[in-house]
Amino acid sequence: MLVLRLAWRNLFRNTRRTVLTGLLLSLSLTALILTNGLVLGMVELMVGSVTKTLAGEAQIHRRGYLDDFDAELFLDNIDDITAYLDAAPDVAEYAPRIMTGAIVTSSYNVSAGLVYGVDPVRELGVSRLADALVEGEYLSGGRREIMIGTEMASLLEVSLGDRIVITASHARSGEISQDLYRVSGIFQFGLTEMDEAMAFINLDAARELVGLADGAHQIAVQFTDPELAKNREHPLYQELSTEAVEALSWLDFNPQIAGVIEWSNYSTIIIGVVLFFLASIGVVNSMFMSIYERFYEFGVIKAVGTTPGAILRLVLLEALLIAIASCVAGNLLGYLASGYFQQNGIPFGRMEMSGVVIEKVYTRLALTQFTAYPVYITLLTLTAALYPALFAARITPSEALHRSL
Amino acid sequence: MDNVIETRGVYRHFGEEQARVVALDEVSITIERGEFTAIIGPSGSGKTTLLHIIGGLDNPDRGDVLLSGTNIADMSGNALSDFRRDHIGFIFQAYNLIPVLSAEENIEYIMLLQGRPAVERRERVQQMLSMVGLEGLGSRRPGELSGGQQQRVAVARAMASGPDIILADEPTANLDSRTGIALLDVMRALNEEQNMTFVFSTHDQKIMDRARRLIVLEDGRVVDDQRR
């Protein structure tokens with residue numbers, strides 16, 4: 001206890017220096033917690049944007065469909081697949097879709113587009129189509145209903161209730177087919193490509209348009225736990241993938257986002273290393289100043305029989321106490337700062353990254369930020385203090401007593 | 001009487017070539033248990049160097065230094081630290097104490113290094129404070145004590161470990177005359193009552209007057225050795 005008291009009181013010989021060193025360490029920890037919270041928030045936003053907006057966490061297609069979205073490559077009989085999905089405990093929702101490239105024509109203009117045929121009820125569970133609605137009504141199953149994006153509505157100069165003709169080709173024969181729809185809803189996802197080029201009609205109407213009695217081009221799936229989607233060994237991927245069919249995680253059908261997320265994780269490490277390096281310089285400097293100020297005193301306590309090992313332990317104990325106090329403060333500051341931005345978000349203006357619009361990122365708190373990072377800070381502090389501690393341990397009493405007098 | 005300190009042909013120099021200074025040149029002395037000895041001489045005569053070598057704070061270039069029969073001339077590291085802790089008490093000119101510890105804690109510190117149990121340490125701390133006349137001042141930190149009181153705490157600390165000898169390097173240099181005399185009286189009383197061996201390095205006439213033996217150094221050599 002006496003050594004602990006000695007170490008603790010030594011910290012307050014120069015309170016200002018100790019507080020500054022502690023601030024350096026605690027602010028480094030706070031910055032690291034915030035950085036990681038921001039990265040986690042951004043990853044969550046990007047993954048959510050990819051998987052919740054439209055694509056789903058997993059997709060099932062005919063093998064090769066994703067290469068060029070060839071309408072001929074449809075899932076002929078989806079009953080077996082839907083039966084599997086209905087029974088799978090990890091699957092929360094799924095929705096079959098027809099997808100076809102089409103010419104979209106109004107009385108005033110014409111545009112190329114990608115038409116989705118969706119089951120309006122099932123689609124509620126896998127995408128945010130209903131949430132994106134800005135005018136009119138969501139699909140209700142009507143034969144002539146169509147939802148288009150705000151950009152397409154502007155291009156075609158149409159509004160709710162106006163007529164639109166879709167020209168597509170039959171999936172099997174390639175024959176041209178046309179049908180008439182009335183704008184029932186206008187959506188805005190916020191991504192120009194989606195708002196300009198996508199249109200949604202009911203699944204049965206889409207099947208009729210492309211000449212299919214049943215079947216689908218895609219089945220979008222949401223898991224009960226988003227983390228399951230990232231496990232490529234999950235039974236869903238293993239058991240539904242055959243020679244003709246492929247079941248893919250979003251990591252595979254959206255590799256750009258997966259790459260960005262991997263890079264984001266490295267960014268925490270890079271920022272952490274830079275912060276740790278700067279903090280360690282501060283610790284070494286502060287400890288050396290403290291030791292030089294006590295040079296004579298180290299000579300005296302060595303003269304009376306303190307071993308080099310005991311001096312080493314004393315200096316490291318001082319560093320440990322600074323680290324512990326700094327980690328408590330850093331955790332508290334980090335919790336408050338990250339907690340604030342978790343509630344209020346950090347505005348990014350309107351940044352588009354890999355097809356994801358980022359307007360505001362909400363930081364995320366994680367247990368490791370408050371457990372592992374303080375341990376890293378403590379280990380860093382002890383490592384940085386080792387050099388000055390060894391220096392103090394090697395002070396020769398006679399030299400210290402001569403030099404200071 | 002038994003010899004507590006014995007140096008045989010101790011030689012120590014500092015610097016090299018033109019800057020070479022011989023601090024101690026074949027110094028051989030013997031000090032018996034219970035002596036109250038002052039090593040005196042002009043500045044640069046080698047007093048402090050001899051005291052440091054006797055105290056194991058410095059090693060001689062050659063020669064033997066026997067403390068209570070143990071040759072410490074070649075000891076180093078932890079073995080030397082442990083030997084100093086258990087056999088030698090030090091009192092320096094000033095700044096002897098750890099400023100962030102109270103007087104009691106400063107005295108206790110050395111016994112903590114010895115690994116003595118807490119109860120024993122606390123009892124002995126009070127004994128030591130009483131012995132140097134500082135009862136009731138144990139909770140004060142050095143900054144709250146006068147120079148003379150601080151040096152008394154240093155004496156108490158030096159005595160606390162139960163050493164064979166106490167080495168004091170100019171212990172009265174920073175004290176006024178009256179305080180210095182009072183401190184010397186305390187040390188003299190300890191010498192007489194407990195047969196503790198004291199060796200001083202000093203210029204101070206007050207110490208010389210009270211010493212029962214004067215060893216005079218000049219240019220690193222013993223030029224006189226008087227018992228009184």
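Note on naming: letters A, B, ... go to the chains in the order of the sequence lines (proteins, then strands), and numbering restarts at 1 for each one.
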Which portion of [X] sits near chain A, non-hydrogen atoms under 4.5 angstrom:
{"X": "B:Y109", "answer": "both"}
{"X": "B:T48", "answer": "side chain"}
{"X": "B:Q114", "answer": "neither"}
{"X": "B:I98", "answer": "both"}
{"X": "B:R141", "answer": "side chain"}
{"X": "B:L113", "answer": "side chain"}

Other residues, nucleotides and ligands only: do more than 12 of their heavy atoms fall within 6.0 Å of [atom1] on [X]?
{"X": "A:F348", "atom1": "CZ", "result": "yes"}
{"X": "A:F288", "atom1": "CZ", "result": "yes"}
{"X": "A:Y335", "atom1": "OH", "result": "no"}
{"X": "B:F14", "atom1": "CZ", "result": "yes"}
{"X": "B:D164", "atom1": "CG", "result": "yes"}
{"X": "A:R394", "atom1": "CZ", "result": "no"}

Please find the pair of heavy atoms, one from [X] and one from [Y], that lie closest to each other, and give the distance.
{"X": "B:S102", "Y": "A:R9", "answer": "N-NH1, 4.2 Å"}
{"X": "B:L112", "Y": "A:L2", "answer": "CD2-CB, 3.9 Å"}
{"X": "A:A303", "Y": "B:R84", "answer": "O-NE, 3.1 Å"}

- side chain to side chain contact (heavy atoms under 4.5 Å, CB included) between B:L97 and A:E297, intermediate numbers included: CA-CA 8 Å; B:L97 306 175; A:E297 192 178 310; over 6 Å; no
Out of curiosity, [X] [atom1] to [Y] [atom2], how far, rounded to the nearest 0.5 Å?
{"X": "B:F90", "Y": "A:I301", "atom1": "CZ", "atom2": "CD1", "result": "14.0 Å"}
{"X": "A:R5", "Y": "B:E108", "atom1": "CZ", "atom2": "CD", "result": "6.5 Å"}
{"X": "B:L57", "Y": "A:S398", "atom1": "CG", "atom2": "OG", "result": "6.5 Å"}

- Query: So which bits of residues 305-326 of chain A come within less than 4.5 Å of chain B, counting non-hydrogen atoms only?
  - Reply: A:G305, A:T306, A:T307, A:P308
- Residue list, ring-ring contact (aromatic ring centres under 6.0 Å, His included) with A:F12, at least two apart or on another chain: A:W8
